[in-house]
Structures are given as structure tokens and as C-alpha cells.
Protein chains: 2
Amino acid sequence: MSAPEAQRSAPLRALRPSAKVLPEHARSHNRSLVLQNLYRGGLLSRADLARETGLTRVTISDLVAELIGDGLVVETGQREEGRPGKPAILLDINRAGHRIIGVDLSDTGVFRGAVLDLDGGIVTRMEAETDGAEGDEVAAIAVQLVRDLVAAADAPLLGIGIGSPGIVDLAGTVLSAPNLGWSDVALQQLVADATGQPVVVANDANAAALAEHSFGSAVGDFMLIRVGRGVGAGLILGGTPVYGSRFAAGELGHVVVGTDGGDLCVCGKHGCLETWLSVPHLTAGLAAAPDAASRDAVLRRAGERLGIALAPVVGALNLDEVVISGPVELLDGSLTEAAIETFRARTMAEFHGDLTVRMSSLGQDIVMRGAAAMVLSGRLGVS
Amino acid sequence: MSAPEAQRSAPLRALRPSAKVLPEHARSHNRSLVLQNLYRGGLLSRADLARETGLTRVTISDLVAELIGDGLVVETGQREEGRPGKPAILLDINRAGHRIIGVDLSDTGVFRGAVLDLDGGIVTRMEAETDGAEGDEVAAIAVQLVRDLVAAADAPLLGIGIGSPGIVDLAGTVLSAPNLGWSDVALQQLVADATGQPVVVANDANAAALAEHSFGSAVGDFMLIRVGRGVGAGLILGGTPVYGSRFAAGELGHVVVGTDGGDLCVCGKHGCLETWLSVPHLTAGLAAAPDAASRDAVLRRAGERLGIALAPVVGALNLDEVVISGPVELLDGSLTEAAIETFRARTMAEFHGDLTVRMSSLGQDIVMRGAAAMVLSGRLGVS
DNA sequence: GTTTGTTCGTACGCTTTACTAACAAACATG
DNA sequence: CATGTTTGTTAGTAAAGCGTACGAACAAAC
């Protein structure tokens, strides 16, 4: 869900400077590998981990000892099985011992946040009305919400994740978010200073995509289309989010779709994807429709436009899946069906026929949970 | 340039199995790091490399000794400068001591190959007519061409790179290339068995994109559009090629563009990108045009369609650059101009205004040179 | 009840890797 | 000629993972 405007001089993403790699980096990679296996499967023994990772039992024991020392892993008892041999000591991530804070700044008029457990489950919810505030004022509201959440956490925090609208660079600075009146707001720094916790900030659609990747059922390469006040997308290729050279990847809302005009958009163009698909336009269209059939036509038209926009992107990237996130009552059903039909009619089944298009199952909390997934990914290397 | 059909049950790209990392992997990474710096800058001393990479002089000396032992690096004499201190011994990649073989199978009726030096310069050219052969027969022609090139090489080979039309998986098997009558042809294995050399096979558009990345002026994230008998694309994000989940990334030729119909395509749909942009369609359109003005209109219409197709892709990925490769007399000029204009009219300048669209400067040899770049990348880690 | 085989986790020593510290060689400058 | 600088190399050290070996704990077979 993106802002209609962004600053022209956004910094270029630094090209991978090809840094040296030391053995200790390998160590930290293997540490993450252990955590990933524990995170997914859970309840594995050291010997299981050795088999799973290819590392030796000795190395695994060493890594696990380190992780237990850091409080990230706990022994949860013995495996009770009728197998011969010494019974295994089961390990798991210290799920009860840590919490994550996830915040969603993308809603209109309200900031939503939560204390989450390591599985993305919500422990405590909080909201803060923004009352049309802008700039520093609304930033202060966000910081206060995070402070309240930190105070409400019932276990040590792993970190704080924030999904913000607009363009966000890799340092967690919101380069531009017109809806909040933000321009070059160093949100990550701001919240880190206020709480002393590790903070990750990313675009809300990217966060949502990560949630679908971590907690939803998305596998492989996929794009998440987020429909709300605007239209934005988050993209995950090979397990890694795509940010774009100027951090504006997924800014699809103001791309013109089709060659037959369309409504005038706030950006000045006609036929932007937002003029077909955004929630305000959809609800307006539905309200103006006299009967059920024409309401269905509104939804189908929007779905068709989505399919038209998807075709070249899926063609270029050969995606596995497109996930749609937003109000179910609007998006599920005719709209999604029309999108699929249109997409299929416009691409070659041999290349892209196995693409699946579906609604997200994560509902309203998708950004908060995605923000939590960002923390998991950053702190544990779990993806 | 891709095949109109591909098999339906293409294998899914294996998802990163999250392998363990050993210190020796770090070593090989640092080895590549040294080679990359030498490859680009050239003529650096060990101390220079240490400063450049952040590794110590000791480690660099060790790595360089290994690389000299492998014949990949040579000392090229002392630096003659009026600086105090011991004069530096300059190093460079052993450019004269190695050759690469690059092959382009994407042309109609002829396979083109070359012996190249490490900078992508062409030392010896060869061609082989295919005379409409198909299947195993045409594969044998390709293998023989490679054999002849190997025999013609005047220095030890670093490896063999092949750019093939169609869908190619990571193991170098051509899953599908209708123009050649290929289906599941293990080309890499075939050529490796015939020559005993390291072989890399990839889609021709991906190879071309890599050439533009390595030898051309493309920086950052970009897409290369290859216009020939068909239309295909190669995509490089963050310095790495994008293959797609079923290796069909870049298969844009049979995506329908626009919402106002279009000519009937061989695939059965109307208005595929190929029906606007491919060389056969362009030349046919130009031949049918009565005067210069209407010939220009043909080119502009094609450019517009390209711009329409580009808009959602660039929007989703926030690319820096789009490079077009193909017959200059058709593509450069009105067509490219129209593509740029159309693209700008359909996206937000604030997000994607700094996109550049231009012709490739690598000409006809782009695929062969890209194939050589694949070898460089695979064998030296140079990208 | 004992033996056998299996599995688990750990102790020890070794190899690889890159680092720090120190030093000789070679040059410019005063 | 003495001094300072830069280069490349020679030790010795710390980290990481491996292979081997071993004790502990259990099931199954006799």
C-alpha cells in the first residue's frame, strides 16, 4: 500500500560491496541453520540436527551449547520412544522465553501493534488513534505505541518490527510516506533510541509478503498484492525480499493498466491500477451499482485489471504464486476468479499455467505478523 | 528468444536447501573476491588487494600464492612510481594464459561460436549451418562446433559456455526448445562428455543479460529484452540472474499486451508481445507500409507495446535500466523512443522516472560473450 | 540375568583459515 | 648516510569444524 508520491532523489541501494567472509561468519550461518531447523520442525535432538544439517554431532553440540547459553534454545525433556539406544534429549527454540513486537502503521487513522510469540501468535494487542496527525506528531504516537507494547511484554524481547507505508530504505528510514506526512524519517533510529531494542522497519507490503512466507502457506517465488487505501505489492524471490534499486519495488498502484482509458487518478493519470482495485474505488463502485449483477460486474472488472497487470510480471519472473491481501468480502470470489481467468487468457499455460492466485489466510494481522517475521529473520536468521 | 511452447511438467527449481557453510567455503569466497578485484582493476599489488578487500596482507599473500599455483594469476612486474617504500609487485589475472569458448544457438539456421579471451574479446569465430536439422542431429552439430572451437583454442580453456533458446534448467538441460526440436536434452552433459571441459548452459536471453552486466555498461538491477525471431528477456537483480521457479523467467513473448486486441499469434492468442515486436512481424509490417511515415508508425506502435508491457514489470521490481538487444536498424530510434514515452506516461516519475531504456552496445555477439561471462562467473566467481 | 547392538552426547587432537606481531627488503627524502 | 615508508613474508595464535574414540543409556536376544 503505497504512497502516491515519493521524493525524486531517493538514494540508490548500495550494490553488494562483496565483503570478505571470515570463519566466524560461517559459524553464524551454521548457528542460524540450527535455529531454522529447530524453528520449523521443533523438538529435535542434537543427533537429529546433525543429520539434518550435515554438520557433525560434535559441532552441533558446540553450537547448541552456545545457543542454550544465549537463552535461545532449551532442552525440553527426553524422547519417549521404543527405539534402541540412548534416548534423545529434545531441543526447541525457547519459545516461551521470548516475545516480539510487531507494529502496523499502514491503516488509515489507527496504528496497530501487538506483542507476539515466536510462532507469530498474538499475545497482546494495542491500538493508537492517529486522529489525522502528521509528521513528527504522528511519529511520536508510533513511538509511544511501541513503548506501551514494550512495557506490556511478559518476556524478554527478541526485537521490534515495524511495517510502514511508503518507501523505506534498508536502514529503516522512511524516505517518503505522504499519508503520514513523512519524508526522511529515521524511524528505526527513533524507536531504537526510545527502547534500546533491536528494530527493523520495512514497507508494509514487504512485511506482509514475509508474513505469508513465514506463517502462511506461500512457497517458492511469489508476489503479495496488498489492497487497501492504495495498491502495493511485496515480492519474495528465492526466499529473499526484493527491494528494488531505489527501494520502490512493488509500487504498482500507479501503473496504468490496459489501453482503453480508465478513471482519473489522484496522480493525474487515467486507468492506474488503484483506480480499478483500491478499496475506496471498489466500495464507491459497489455503492453506485443498482443490483447484484452490476455489483458483481464491478468486482469482475477490477479482477480483470489485476490479471492484466499480473501477466507481464509473472511472465518476467515465472512466479509460483500470487497472494492477495485485503478485505475478503471485496477481494475473494468474483474478483479473484476474474483475475485468474484474465491472467490465464493472457499468458502461455506451458510457462505460467501452474501459477496459483489466492487470498491470504492471515487476515488483518498480516503486517504485524510480517513485522515479527522480519525480527525473526534478522535476529535468528529464520526465514 | 524463447520457444513458443514448453513442456508442462517442468521440474520445480530446488529451493535453497540451506546448506552448511564450512571455513573452506569462506576461503573460496575470498579467493573469488581477489579474482574479482584483479579482473576489474587489474594490475594491483598484494597490498592493494589487502586494502581493497579488507583482508590482511598475509592472507592475501596466501591466496595469491594459491592462485598463481593454479595458473590463474601472474606477476606482471614492478610498479614504477616515485613513491617511497619497497616497490609493489603487480598482479593480474592470467589473461593471455586462458581462453573461453562461447556458443550461441539462438540464431535461425546457424550456430555461432567463438574462442574468447578473459575480457570477452573474440579471438576466433566459427559458424555451423544447421540446415533445418532437428533433435539429436542438430545437437550433434552443436557438439561438433564446440569440438572444433576447442581444437582452435590457442591457450588452456577456462570452460565452455552455451546460450541456448528455450527453457534451460540449472543443470544445463534444455527442457524445451521447439525451434531445435529439443525436449529434455542434457546439453551440458553432452558437451562435457565430448570435451572433458567444464560446461555451462543457459537460456540465450539470460546469457545476453549477463554479457550486458559483465561487458556492457549495465549497472544495478536491469532487464534485457531480446528481440529476434521471438521476444525474450533476461533479468539481473542484485547482480544475480533470475531464473524463475520453473526456469521460465523472461518468457514474455506470449504475454498479451494491451486490451484492444491485436494480431493472431502462432500460440492462438491475440496481441502477444511477439505479434508487435518480433523481427518477422516488424519486417512484415514495414514491408506492407506504403511510405516513410507509416513505416515509422509501425515502429512506434511496437515501441508503445513494449512500453505497456514494461510498465508493470518495472513497477514491481523498481529496475534501474532496460536494455534492448536485436537488430539496431529496427529497434533503435522511433521504437525505443516510443517505448520510453509510453512507459513514462504509464508510471509515476517519482518511483520509476529514473529508469533508462537503451539499446545494447554489444551487437550480434552478445550471446556468445554472455556465455563466456557465465564461464567467468562459474569458474572465477567474477561477475 | 547377561550379552549384544544401537544411539546419544561428549572429550581429545588435528586441519584449515585468517589474524596479530614482527621483520627484512627496497625505495625516496632530507 | 640516516630516516621514514611501503611491501611482502615469517612466525605464532585464535576460531571453526572434523574424525576418532569413549562412556552412558536403552532394546532385543539369548
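Here the structure is a predicted model, which is why all the values come from computation and not from measurement. FYI, side chains are in, hydrogens and waters are out, and symmetry mates aren't considered; it's all heavy atoms of this structure. So you know, we letter chains A, B, ... as the sequences are listed, proteins then strands, and number each from 1.
Atom CG of B:L63 and atom C1' of C:dT17 are 9 Å apart (whole Å). A:E66 has its CD atom 11 Å from the P atom of D:dA15, to the nearest Å. Summarising the geometry, the separation between CG on A:L22 and P on D:dT13 is reported as 21 Å, rounded to the nearest angstrom. Here C:dT20 presents its C1' atom at 15 Å from CG of B:D62, a figure rounded to the nearest Å. Protein atom CD1 of A:I60 is 9 Å distant from nucleotide atom P of D:dG17, rounded to whole Å. One atom, NZ of B:K86, and another, P of C:dA26, lie 7 Å apart when rounded to the nearest Å. To the nearest angstrom, P of D:dT6 lies 17 Å from CD1 of B:I89. Counting to the nearest Å, the P atom of C:dT7 and the CG atom of A:L49 are 17 Å from each other.
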Salt bridge (charged side-chain N to carboxylate O under 4.0 Å, His left out) evaluation trace for A:D221 with B:R246: CA-CA 10 Å; A:D221 298 348; B:R246 279 169 171 85; over 6 Å; no
B:R51/B:R46 under side-chain contact (heavy atoms from CB on, under 4.5 Å): CA gap, chis, key distance, verdict: CA-CA 9 Å; B:R51 278 183 291 263; B:R46 292 170 174 82; over 6 Å; no
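For A:Q78, the side-chain atoms get nearest to D:dC26 when compared with the rest of C:dT20, D:dG17, D:dC26. Of all nucleotides listed (C:dC8, D:dA25, C:dC12), C:dC8 comes nearest to the side chain of A:A47.
At D:dC18, one or more side-chain N or O atoms of A:T56 fall inside 4.0 Å of OP1 or OP2 (strictly under the cut-off). In this model, the phosphate group of D:dC18 is approached by a side-chain N or O of A:T59 to a distance below 4.0 Å at OP1 or OP2. Within the structure, a side-chain polar atom (N or O) of A:K20 is placed less than 4.0 Å from OP1 or OP2 of C:dC19. Phosphate contact (OP1/OP2 of D:dG8, side-chain N/O of B:S45, threshold under 4.0 Å): present. Residue A:S61 has no polar side-chain atom (N or O) positioned under 4.0 Å from OP1 or OP2 of C:dG9. The side chain of A:R46 contributes an N or O atom lying less than 4.0 Å from OP1 or OP2 of C:dT10.
Between the side chains of B:T59 and B:D62, no donor-acceptor pair is found at a separation under 3.5 Å. With hydrogens and angles left out, the side-chain atoms of A:S245 and B:D320 include a donor and acceptor closer than 3.5 Å.
When heavy atoms are screened at a 4.0 angstrom cut-off, B:R31 is found touching no nucleic acid atom at all. Among the heavy atoms of the strands lying under 4.0 Å from A:N30 are primed sugar atoms or P, OP1, OP2 only; no base atom is included. When heavy atoms are screened at a 4.0 angstrom cut-off, A:L55 is found touching the sugar-phosphate backbone but no base atom.
Base pairing of D:dC30: its partner is C:dG1, meeting the Watson-Crick or G-U wobble criterion (both donor-acceptor distances under 3.5 Å).
A salt bridge does not link A:D117 to A:R99: none of the charged nitrogens lies less than 4.0 Å from a carboxylate oxygen. With respect to A:R57 and A:D48, no salt bridge is recorded, no charged nitrogen being found less than 4.0 Å from a carboxylate O.
Closest-nucleotide positions on DNA chain C for B:R27 and A:R57 were compared, and the one nearer the 5' end corresponds to A:R57.
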